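First the structure, in the form of structure tokens, and then the observations on it.
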Protein chains: 2
Amino acid sequence: MRTIGYHHGDLRRTVLDAAVDAIGASGLDGWSLRELARRAGVSHAAPAHHFGDKAGLLTALAAEGFDLLAETLRQAGTDFLEAGLAYVRFATEHPVHFGVMFQPKLYRADDDAVRQARDRAGALLAQGARAASPAGGEDTARAGWSIAHGFASLWLAGALTVEPGTDPVDAARPVLRRLLER
Amino acid sequence: MRTIGYHHGDLRRTVLDAAVDAIGASGLDGWSLRELARRAGVSHAAPAHHFGDKAGLLTALAAEGFDLLAETLRQAGTDFLEAGLAYVRFATEHPVHFGVMFQPKLYRADDDAVRQARDRAGALLAQGARAASPAGGEDTARAGWSIAHGFASLWLAGALTVEPGTDPVDAARPVLRRLLER
DNA sequence: CCCATGAACTTGTCAATGACTAGATCAGGA
DNA sequence: TCCTGATCTAGTCATTGACAAGTTCATGGG
């Protein structure tokens with residue numbers, strides 16, 4: 001892969017990674033296409049060729065996020081608790097992707113790549129819910145998704161007070177279990 | 001209250017309301033201080049006097065949100081299910097406040113007004129958890145908060161497929177109940 | 001009655017940004 | 001060799017956030 005010269009070589013991926021860095025450091029407002037271009041050593045208009053505009057870049061991020069989530073869920077298998085913990089792991093390991101994915105107004109949610117990846121992840125979630133509780137119905141599936149999504153969101157927002165160094169997945173385990181046991 | 005002349009009369013509230021409108025319509029990126037100023041009929045720098053900068057305005061929004069949440073929780077009483085439904089009701093009735101509140105990077109989370117309002121709402125949540133499950137412990141409280149927060153977030157993100165016209169609180173009831181019954 | 005003081009708002013300005021257009025460079029195939 | 005499309009550059013414009021300095025207004029002390 002070339003890194004100098006007229007053609008960058010892999011500008012799309014470079015800019016995408018730089019965006020994750022920048023958003024992770026400064027939040028969803030603290031970044032600009034021009035800053036990413038400077039960081040990649042290309043002209044200020046180069047990113048536009050790959051993503052069109054800011055929303056286009058976030059669209060690509062969301063699609064990648066749903067893909068990563070689907071892959072994480074697939075590896076976790078059909079166990080309800082394991083799937084929930086995998087969900088939390090994905091969110092805490094890819095906080096920027098997670099944050100963008102569930103703010104559809106930031107990107108083009110009807111984009112084909114996004115839609116396909118989202119459906120794939122959704123199917124895995126539904127499959128896990130059915131396997132764990134065959135007679136559970138829609139509400140059981142929603143309860144599982146809600147508690148995992150809620151824990152992950154609160155964790156990322158810093159709303160949960162925990163000892164420093166605590167692993168989010170370890171913290172999530174007893175919480176998610178509350179939905180299964182009594 | 002005067003609405004014309006050199007002094008607007010209640011510019012702070014007007015701008016805050018306009019911000020909620022704008023963010024609700026176009027998302028967290030689709031607004032500007034200058035647009036709000038134009039909408040309020042004042043100069044482009046007038047909002048800065050009240051909020052300092054963009055983050056200042058969002059800080060005010062977050063503080064107001066935590067206040068509204070605390071009031072909603074207070075009215076709901078100590079019943080676990082009712083508190084959870086009140087949480088969902090708050091989120092769906094004030095989606096912009098809710099969205100800002102749990103993205104601390106967007107505003108100054110260490111602001112005094114925010115901190116006080118946040119602590120007030122947090123105390124009510126903890127109190128509800130203790131009343132419902134005296135021996136439940138931290139994890140039970142977190143499970144309740146997570147499932148309510150998660151359902152609300154997924155609802156606002158449009159991630160849940162429901163019949164048009166469905167009331168979010170009605171949809172949440174059987175879901176939240178899954179945490180209480182088996 | 002008058003003025004001092006501070007709050008509320010305006011005007012002017014600047015660098016930075018997103019988006020657009022036109023053009024240059026490059027790679028690969030006919 | 002030449003052609004075509006993909007990739008990137010250079011230039012431009014309206015808009016924005018932030019800041020500085022000045023103006024208007026309300027209020028209370030003397």
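Note on naming: letters A, B, ... go to the chains in the order of the sequence lines (proteins, then strands), and numbering restarts at 1 for each one. Quantities reported herein were computed from a predicted structural model and do not represent experimental measurements. Below, all heavy atoms of this structure are taken into account, side chains as well, without hydrogens, waters or symmetry copies.
For A:Glu35 and C:dA15, the CD to C1' distance is 15 Å, given to the nearest whole Å. In this structure, CG of B:Leu11 is placed 19 Å from P of D:dT24, rounded to the nearest angstrom. When rounded to the nearest whole Å, the span between CZ of B:Arg38 and P of C:dT10 equals 14 Å. Between the CZ atom of A:Phe51 and the C1' atom of D:dT7 there is a distance of 13 Å, given to the nearest Å.
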Between A:Arg108 and A:Asp53, does a salt bridge (charged side-chain N to carboxylate O under 4.0 Å, His left out) hold up when you go through it step by step?
-> CA-CA 11 Å; A:Arg108 286 182 271 277; A:Asp53 55 10; 2.9 Å; yes
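Every pair passing salt bridge (charged side-chain N to carboxylate O under 4.0 Å, His left out) that includes a residue from residues 119-134 of chain B is listed here, sequence neighbours excluded: B:Asp67-B:Arg120.
Under the 3.5 Å distance criterion, the side-chain polar atoms of A:Tyr107 are left unmatched by any main-chain donor or acceptor of A:Leu57. Under a 3.5 Å cut-off, the side chain of A:Lys54 and the backbone N or O of A:Leu106 do not form any donor-acceptor pair. Of the possible polar contacts, one joining the A:Lys105 side chain to the B:Gly24 backbone as a donor-acceptor pair under 3.5 Å is found.
For B:Leu156 against B:Thr92, the heavy-atom pair with the smallest separation is CD2-CA, 4.1 Å.
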Please list, one pair per line, the donor and acceptor atoms closer than 3.5 Å that link side chains of residues 146-153 of chain A to other protein atoms, with sequence neighbours excluded.
from     : atom 1 : to       : atom 2 : distance (Å)
A:Ser146 : OG     : A:Arg142 : O      : 2.8
A:His149 : ND1    : A:Tyr87  : OH     : 2.8
A:Ser153 : OG     : A:His149 : O      : 2.8

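Residues from residues 42-49 of chain B with heavy atoms under 4.0 angstrom of DNA chain D, sorted by number: B:His44, B:Ala45. Contacts between residues 52-61 of chain A and DNA chain C, defined by a heavy-atom separation below 4.0 Å, involve A:Asp53, A:Lys54, listed by number. Of the residues in residues 99-112 of chain A, not one comes within less than 4.0 Å of DNA chain C through any heavy atom. Within residues 20-30 of chain A, no residue has any heavy atom closer than 4.0 Å to DNA chain D.
Relative to the side chain of B:Leu33, the nucleotides D:dT7, D:dG17, C:dT17 differ in distance, and D:dG17 lies closest.
At D:dA14, none of the side-chain N or O atoms of B:Arg34 fall inside 4.0 Å of OP1 or OP2 (strictly under the cut-off). Taking 4.0 angstrom as the limit, A:Arg12 places none of its side-chain polar atoms (N or O) nearer than this to OP1 or OP2 of D:dA6.
Taking the six-membered ring for Trp and thresholds of 30 and 60 degrees, B:His94 and B:Phe90 have ring planes inclined between 30 and 60 degrees apart.
Checked options A:Val169, A:Val175, A:Leu176; the residue passing with A:Arg173 is A:Val169 (criterion: side-chain contact (heavy atoms from CB on, under 4.5 Å)).
Salt bridge present: A:Arg74 and A:Glu71 bring a charged side-chain N and a carboxylate O closer than 4.0 Å.
Summarising the geometry, atom CG belonging to A:Leu160 is positioned 10.5 Å from atom OG1 belonging to A:Thr166; distances are rounded to the nearest 0.5 Å.
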